[in-house]
Amino acid sequence: MSIKNEYISPIELFTKWFDEEKKISQTKHISAVCLSTLGLDGFPNARFVSLKEIMDENFVITTSFNSRKGLEISGNNKVALTFWWKTTERQIRIQGIATKTPTSLAQKYFKERNLASQIVSCISNQGQESNAIESLEKELEQQISQRQNVEVPADWGGYFISPVRIEFMQFKDTRFHDRKLYVKQENEWICKQLQP
């Protein structure tokens, strides 16, 4: 059943829910989102990343392109994002297509990170095996005391995730959860009510 009365776009609804959670939640990382990709070995992979912003209806995240998630997106750019907000008891599931952001935008996000995070992105090969974590920690301490400006690593950047499906679920004590699914068809959002 399609919903036509009191229509609100999925991006507007996401922003509304995000703002409501932010106002009342004690959680430090409201923007934390589970990014799921298809692993290089055929198994699904999931990990939490930070949503940077929504730009032109795209959800924006950043990472190292040489990280496992970066390599997996390179192999298959169909990805999923899952938000769970405990305070408002809401879940949002997004399926979409990931494409790289312009370099200038990635540089902007990198410069917004704190100095330690910038340096770690430069000295660490994210996700690679290591027998020398202590030496990386020492290098981090040394570079923090010596550096003020950090160049953006060549393999670091951002992704636009352009949604094709967004499902909103409001949990209820009755277990009759309110579920709305938005599906993009011919550049238009169709909203359907789902059974709990």
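The basis for the numbers below is simple: all heavy atoms, side chains too, and nothing from hydrogens, waters or symmetry mates.
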Got a second to check how far Lys23's NZ is from Thr88's OG1, nearest 0.5 Å? 12.5 Å
Does the side chain of Lys100 reach to within under 4.5 Å of the side chain of Tyr159, using non-hydrogen atoms? yes
Hydrophobic clusters here meaning ILVMFWY residues chained together by side-chain heavy-atom distances under 4.5 Å, can you tell me if Leu81 and Ile97 are in one? no
If you round to the nearest 0.5 Å, how far is CG of Leu40 from CG of Leu71? 6.0 Å
Distance from Gln95 atom CD to Ser36 atom OG, nearest 0.5 Å? 10.0 Å
Looking only at atom types and distance, does a side-chain atom of Ser64 sit under 3.5 Å from a main-chain N or O of Asn66, one as donor and one as acceptor? yes
Closest heavy-atom pair, Pro163 versus Trp189, reported as atoms and distance to 0.1 Å, is O-CH2, 3.6 Å
For Gln193 and Asp178, indicate whether the former's side chain and the latter's backbone hold a donor-acceptor pair under 3.5 Å. no
Take Ile30 and Phe18, measure what side-chain contact (heavy atoms from CB on, under 4.5 Å) needs, and give me the verdict at the end. CA-CA 8 Å; Ile30 297 293; Phe18 184 88; 3.6 Å; yes
State, yes or no, whether a side-chain contact exists between Leu105 and Gln107 at a heavy-atom distance under 4.5 Å. no
Do the charged groups of Lys184 and Glu57 touch, with an N to O distance under 4.0 Å? yes
So, using ring pair (Phe, Tyr, Trp, His ring centres under 6.0 Å) as the criterion, who are the partners of Tyr109 when residues are at least two apart? none
Got a second to check how far Glu72's CD is from Leu35's CG, nearest 0.5 Å? 8.5 Å
Identify the heavy atoms of Phe65 and Gly158 that sit nearest to each other, and give their distance. CZ-N, 3.9 Å
For Val120 and Ser117, what are the C-alpha separation, side-chain angles and deciding distance, and is it a side-chain contact (heavy atoms from CB on, under 4.5 Å)? CA-CA 5 Å; Val120 168; Ser117 296; 5.8 Å; no
Do Phe168 and Leu13 have side chains that approach each other closer than 4.5 Å (heavy atoms only, starting at C-beta)? yes
Is any side-chain heavy atom of Ser31 less than 4.5 Å from a side-chain heavy atom of Ser50? yes
What distance do Glu21 atom CD and Lys16 atom NZ have between them, rounded to the nearest 0.5 Å? 12.5 Å
Could you check if a side-chain atom of Phe14 sits within less than 4.5 angstrom of a side-chain atom of Ile92, using non-hydrogen atoms only? yes
Hey, does the side chain of Thr27 reach the backbone of His29 with a donor-acceptor pair shorter than 3.5 angstrom? no
Leu181 reachable from Trp17 in the ILVMFWY side-chain graph, under 4.5 Å edges: no
Hey, is Asp173 close enough to Arg175 for a salt bridge, meaning N to O under 4.0 Å? no
Check Tyr182 against Ile8 and note the closest heavy-atom contact, atom names and distance. OH-O, 2.6 Å
Identified side chain to side chain contact (heavy atoms under 4.5 Å, CB included) counterpart of Leu38 within the set Asn45, Val79, Asn76: Asn76
Ser9 side chain vs Glu12 backbone, donor-acceptor pair below 3.5 Å: yes
Counting heavy atoms not belonging to Asp56, are there more than 12 under 6.0 Å from its CG? no
Distance-only, no hydrogens or angles: does the Lys111 side chain make a donor-acceptor pair with backbone N or O of Val150 under 3.5 Å? yes
Restricting to pairs with a member in residues 73-99, which pass salt bridge (charged side-chain N to carboxylate O under 4.0 Å, His left out), not counting sequence neighbours? Glu20-Arg90, Arg93-Glu167
With a 4.5 Å cut-off on side-chain heavy atoms, are Ile161 and Val60 touching? no
Is the shortest side-chain heavy-atom distance between Trp156 and Thr63 below 4.5 Å? no
Val183 reachable from Leu194 in the ILVMFWY side-chain graph, under 4.5 Å edges: yes
Enter the distance from Met169:CE to Gln91:CD here, rounded to the nearest 0.5 Å. 4.0 Å
Are any side-chain N or O atoms of Ser74 and backbone N or O atoms of Gly70, one a donor and one an acceptor, separated by less than 3.5 Å? no
Gly157 and Ala106 have their tightest heavy-atom pair at CA-CB, 3.7 Å
Do you know which two heavy atoms are closest between Ile61 and Lys52, and how far apart they sit? CA-CG, 4.4 Å
Flag the pair Ile166 / Phe59 as yes when at least one side-chain heavy-atom distance between them is below 4.5 Å, and no otherwise. yes
Is the count of non-hydrogen atoms from other residues, nucleotides or ligands lying under 6.0 Å from Arg113 atom CZ greater than 12? yes
Quick one: do Thr37 and Lys69 satisfy side chain to side chain donor-acceptor pair (under 3.5 Å)? Show the steps, please. CA-CA 7 Å; Thr37 53; Lys69 57 185 170 294; over 6 Å; no
Identify the heavy atoms of Phe110 and Ser121 that sit nearest to each other, and give their distance. CE1-CB, 3.9 Å
Relative to each other, are the rings of His177 and Phe171 parallel, tilted or perpendicular (30° and 60° limits)? tilted
Would you call the rings of Trp85 and Phe83 parallel, tilted or perpendicular if under 30° counts as parallel and over 60° as perpendicular? tilted
